[in-house]
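A short worksheet on the structure shown next.
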Amino acid sequence: MTAALDPPSRQWGVSYFGVRNPQHFQRDLDDIARLGFTYIVFTFSENDHRFYQSSVADCVRLTQERGLQAYVDPWGVGGMFGGEAFTERGAWDIEGQQRRSDGRPLPLLCPNSDEAKTYLVRWIDTVATVLQADAIFWDEPHFYLPFGEARAQGLWACCCTRCIERFASAYGKPFPCTETSDVRHTKQAAIADFLGDMTTVAGKKGLRNIVCLLTDPDTLDDLESKWEPYAAMAHIDVLAADPYPLFYGRDIATTQVFCEALQRLGKRYGKATQMWVQGFRVPQDAAPLLGQEMRLMAACGARDIAMWSYLATAYMSSHACAQPDQVWEVFTQTMAELSG
Ligand SMILES: [Zn+2]
């Protein structure tokens, strides 16, 4: 008779940013540990990489001493990852910049460039050797995301010479002026190759890798096929999704589509999965919906659920929830209920 494998223990995560003073962090860590969280995702922007290495290293050490895991997020690095932090490298490394469809160079690094890889390898080395974190949380890797006027005009990137050559070698036809599905596929492949390279570098330095993909807000089709290349990568350990139905104006029930896609891939490729709950810009009276979403995630088999961010982002005015105290209470109470 074969003994049934125990399900993985429940994991609860929260992201953390803004405070770089380990003494102040200690108070927040006490609170986070008391509530039952098992890991913290620290943002580690280019600015942090330049000015706060030892400070964040202290926060990581305190976290690990407390028995929690510490993950690190390349927040806004190169303008190629999620996060509100600005990129300096995108402005300085002009040879590595993305180029927009109207010809304008953008202050963002192109994932196909050597400049992006060179900087990220340095960043990974710091995370492994100075911060000594447990894992990297690869946060929504992406090309330029147009918004406002640029979005209305249909502008897109990247049209740099590297991307044009990559398209030509994949399709053997002229580079189009509009972002066709062939262009989108080439971009997805470029990001997957970039992440494949970077997670290999990180994995060889003893770091685990978690990848959270930015999904097309307009369509939930093909989620599984978008994640599959990452699920198949040797050095990717955890597949993560942040459906954020309130942010994208979808029904809470749509989170099930994300959960099920990840669960299937996780089983097929032997990877863990992680689901994120929106703890920023949550509108008035919407907090109970998040509890509903967490129960839905758990019912779909999710054993690892996290919130962006600590205290429901109350301290970041542009992203604060209408009622952050309620959002945080719903999350932590639902945590206790699901853990019990
Ligand atoms: Zn490019």
Side-chain angles (χ1 to χ4, degrees), residues 8 11 13 15-17 20 22 38-83 85 87-89 93 96 109-142 190-213 227 229-240 266 269-274 304 306:
Q11 303 290 320
S15 69
Y16 192 85
F17 60 87
R20 307 280 88 159
T38 59
Y39 64 90
I40 299 175
V41 176
F42 292 95
T43 60
F44 192 59
S45 65
E46 290 178 33
N47 190 65
D48 293 322
H49 189 211
R50 254 183 91 168
F51 301 111
Y52 292 94
Q53 290 190 12
S54 297
S55 318
V56 178
D58 284 347
C59 296
V60 165
R61 181 180 47 77
L62 291 167
T63 301
Q64 292 164 335
E65 285 172 2
R66 196 59 190 258
L68 280 73
Q69 298 256 304
Y71 305 160
V72 174
D73 177 335
W75 214 38
V77 166
M80 300 177 294
F81 295 97
T87 168
E88 183 188 39
R89 295 272 47 97
D93 293 344
L109 294 181
C110 174
N112 279 323
S113 70
D114 291 339
E115 287 75 9
K117 287 169 192 154
T118 303
Y119 180 74
L120 255 297
V121 168
R122 272 179 48 214
W123 184 93
I124 292 166
D125 189 59
T126 302
V127 173
T129 59
V130 182
L131 270 53
Q132 298 185 23
D134 298 290
I136 296 180
F137 177 77
W138 297 99
D139 189 346
E140 301 180 341
H142 60 266
I191 288 182
D193 285 352
F194 181 57
L195 261 285
D197 290 348
M198 295 303 113
T199 54
T200 300
V201 172
K204 286 182 176 169
K205 287 180 183 288
L207 292 160
R208 285 188 297 123
N209 289 292
I210 303 156
V211 174
C212 184
L213 290 189
W227 257 290
Y230 297 89
M233 287 179 193
H235 292 284
I236 288 181
D237 305 284
V238 184
L239 305 170
Y269 289 91
K271 310 280 169 152
T273 63
Q274 183 179 87
D304 178 345

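All heavy atoms count here, side chains included; hydrogens, waters and symmetry mates do not. All residue numbers refer to positions in the sequence shown, counting from 1.
- Between P22 and L62 the shortest side-chain heavy-atom distance falls below 4.5 Å.
- The side chain to side chain contact (heavy atoms under 4.5 Å, CB included) test with K205 singles out one residue from V121, I136, I124, and that residue is I124.
- Closest approach of A240 to I210, counting heavy atoms only: CB-CG2, 4.0 Å.
- Residue A133 comes nearest to V72 through the heavy atom pair CB-CG2, 3.5 Å, listed as atom of the first residue, atom of the second, then distance.
- Distance check, rounded to the nearest 0.5 Å: OG of S113 to CE of M80 gives 6.5 Å.
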Next item on the list: Could you check T200 against K204 for side chain to side chain contact (heavy atoms under 4.5 Å, CB included), going step by step and ending with a plain yes or no?
Entry: CA-CA 6 Å; T200 300; K204 286 182 176 169; 3.9 Å; yes
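- Note that CG of L213 is 5.5 Å distant from CH2 of W227, once rounded to the nearest 0.5 Å.
- Residue I40 holds its CD1 atom at 8.5 Å from SG of C59, rounded to the nearest 0.5 Å.
- A side-chain donor-acceptor contact under 3.5 Å links Q64 to the backbone of Q132.
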Next item on the list: Kindly determine whether Y269 and L239 satisfy side chain to side chain contact (heavy atoms under 4.5 Å, CB included), including the steps that lead there.
Entry: CA-CA 10 Å; Y269 289 91; L239 305 170; over 6 Å; no
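- In the model, D304 has no side-chain atom that pairs as donor or acceptor with a side-chain atom of Q11 under 3.5 Å.
- Using a 30° and 60° split on the angle between ring planes, F44 and W123 fall in the tilted class, from 30° to 60°.
- Taking all atoms of both residues into account, the shortest heavy-atom contact from W138 to P74 is CE3-CG, 3.9 Å.
- Taking the charged nitrogens against the carboxylate oxygens, D58 and R61 do have a contact shorter than 4.0 Å, which makes a salt bridge.
- Across all their heavy atoms, L68 and Y39 have their closest contact at CD2-N, 4.2 Å.
- For N209 (side chain) and T199 (main-chain N/O), a donor-acceptor pair under 3.5 Å exists by modelled atom type.
- Atoms CG and CG, from L109 and L120 in turn, are 8.5 Å apart once rounded to the nearest 0.5 Å.
- Here the side chain of K271 pairs a donor or acceptor atom with the backbone of M233 at under 3.5 angstrom.
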Check: Between Y230 and I191, does a side chain to side chain contact (heavy atoms under 4.5 Å, CB included) hold up when you go through it step by step?
Finding: CA-CA 10 Å; Y230 297 89; I191 288 182; 3.4 Å; yes
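- Interatomic distance, T87 OG1 to N47 CG, rounded to the nearest 0.5 Å: 11.0 Å.
- F137 has its ring centre no less than 6.0 Å from the ring centre of Y71.
- A pairwise comparison of heavy atoms in F42 and A70 identifies CE1-CB, 3.9 Å as the closest pair.
- One finds the OH atom of Y52 at 8.5 Å from the CZ atom of R20 (value rounded to the nearest 0.5 Å).
- With hydrogens and angles ignored, the 3.5 Å screen pairs a side-chain donor or acceptor of D48 with a backbone N or O of S45.
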Check: Given the rule in the side chain to side chain contact (heavy atoms under 4.5 Å, CB included) test, do Q69 and T63 qualify, once you have shown the distances and angles that lead to the verdict?
Finding: CA-CA 7 Å; Q69 298 256 304; T63 301; over 6 Å; no
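- One N or O on the side chain of Q53 and one on the backbone of H49 form a donor-acceptor pair closer than 3.5 Å.
- With respect to the salt-bridge test (charged N to carboxylate O, under 4.0 angstrom), the residues D134 and R208 do not qualify.
- Here the closest non-hydrogen pair linking A190 and N112 is CB-OD1, 3.5 Å.
- Counting only distance, with no hydrogens or angles, the side chain of E46 and the backbone of G78 share a donor-acceptor pair below 3.5 Å.
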